[in-house]
Amino acid sequence: MPDHQIASDYELNTGHAIVRAFQKIDYAVIPAVLVANHGPFCWGSDSGAAAHNAVILESVARMAFFTRQLNEDAEPLGRGLHDKHYLRKHGTTAYYGQAKESK
């Protein structure tokens, strides 16, 4: 955030930054966000789920940090491979992993 947003209504402007980050992203699918120069924001259906998501985020951040330490030229995963890994486990056409229990 620019200095003027930090100096005036910092908390509100932090919230606006988070909302902007999720304009084209489903917050229920990605239940966490990193705000530059701030800690993570995580949420879930209850406090336990939010804490679990915070642990997952920390684990992913740690992997990213070590990846960059080992190879500063490391590139992000390509969209095609990312989508394959995610969509085969989630969504209406999921086919990989344990079957979901009927409720």
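These numbers were taken from a predicted model, which means no experiment stands behind them. Residue numbers count from 1 along this sequence.
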To the nearest 0.5 Å, how far apart are CG in Asn71 and OG1 in Thr67?
8.5 Å
For Tyr27, I'd like to know if atom OH has over 12 heavy atoms of other residues, nucleotides or ligands within 6.0 Å.
no
Counting heavy atoms not belonging to Asp3, are there more than 12 under 6.0 Å from its CG?
no
Atom CD of Gln5 with >12 non-hydrogen neighbours under 6.0 angstrom
yes
Here the pair of heavy atoms bringing Met1 nearest to Thr14 is CE-OG1, 3.3 Å
Please round to the nearest 0.5 Å and tell me the distance separating atom CG of Leu57 and atom CD1 of Ile30.
11.0 Å
Joint hydrophobic cluster, Phe22 plus Phe41, side-chain heavy atoms closer than 4.5 Å:
yes
Which heavy atom in Pro31 sits nearest to a heavy atom in Val29, and how many Å separate them?
CD-O, 3.3 Å
Find the distance between CG (Leu70) and CZ (Phe65) and round it off to the nearest 0.5 Å.
9.5 Å
Reported CG-to-CD distance for the pair Asp73 and Glu75, which is rounded to 0.5 angstrom
7.5 Å
Shared hydrophobic cluster for Phe66 and Ile56 (ILVMFWY, side-chain gaps under 4.5 Å)
no
If you measure from CZ on Arg20 to CD1 on Ile25, what distance do you get to the nearest 0.5 Å?
13.0 Å
Mark yes when over 12 heavy atoms from residues, nucleotides or ligands other than Tyr95 sit less than 6.0 Å from its OH; otherwise mark no.
yes
Expected output: side-chain Asn13 to main-chain Ser8 donor-acceptor under 3.5 Å:
yes
To the nearest 0.5 Å, atom CG of Leu81 lies from atom CZ of Arg79 at 11.0 Å
Are more than 12 heavy atoms, taken from residues, nucleotides or ligands other than His38, located less than 6.0 Å from that residue's NE2 atom?
yes
Non-hydrogen atoms of Ala50 and Cys42 that approach each other most closely:
O-CB, 3.7 Å
